[in-house]
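The structure's right below; bear with me while I get my questions together.
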Amino acid sequence: MMIGMKNYQINSLINYLNDTTENQHKMANYIKEWYTMKINYLKDRLFDLLNDSSEELGISDIETHEKENTFGISMTDGSVFEITCRRILEREDE
């Protein structure tokens, strides 16, 4: 037992620390979900743009790799490109 602390005080402290850790996990999950939502929106719009313009751009196939946040772009001439989506800068007002 901690010196000078009664059982109920120790239990209160432990509960507070557990709640704090749980709240930190909730906040981290919220931030991760928010980021994922933003990047997924960008990837969806980018896919639509590439798909709608595939004939003009000479695209024969678009492969999506969700976990890696990438697109594999096959061209009609046999060339293959990879597009990577990642956030490199966060706006301060968000």
Query - Phe47 CZ to Asp52 CG distance, which is reported to the nearest 0.5 Å - result: 9.0 Å
Requested in this report: Would you please name every residue forming a salt bridge (charged side-chain N to carboxylate O under 4.0 Å, His left out) with Asp48, sequence neighbours left out?
Outcome: Arg45
Requested in this report: Sequence neighbours left out, what passes salt bridge (charged side-chain N to carboxylate O under 4.0 Å, His left out) with Arg86? Give chain and number order.
Outcome: none
Report summary line: Nearest heavy-atom approach of Leu57 to Leu50 is CD1-CD2, 4.4 Å
Query - Closest non-hydrogen atom pair between Ile62 and Ile59, with its separation - result: CG1-CG2, 3.7 Å
**Report entry** By salt bridge (charged side-chain N to carboxylate O under 4.0 Å, His left out) - contacts of Glu66 (at least two apart)
**Finding:** Lys43
Query raised in the report: Counting heavy atoms not belonging to Glu55, are there more than 12 under 6.0 Å from its CD?
Result: no
Query raised in the report: Going only through I, L, V, M, F, W and Y residues with side-chain contacts under 4.5 Å, is there a path from Leu49 to Leu42?
Result: no
Query raised in the report: How many angstroms lie between atom CD1 of Ile83 and atom CG of Asn69, to the nearest 0.5 angstrom?
Result: 13.0 Å
Query raised in the report: Which value, rounded to the nearest 0.5 Å, describes the distance between Phe71 atom CZ and Glu63 atom CD?
Result: 12.0 Å
Report task. State, with a plain yes or no, whether a side-chain heavy atom of Ile73 is found less than 4.5 Å away from one of Glu82. Result -> no
Query raised in the report: Under the 3.5 angstrom rule, does the side chain of Ser60 hit a backbone N or O of Ser74 as a donor-acceptor pair?
Result: yes
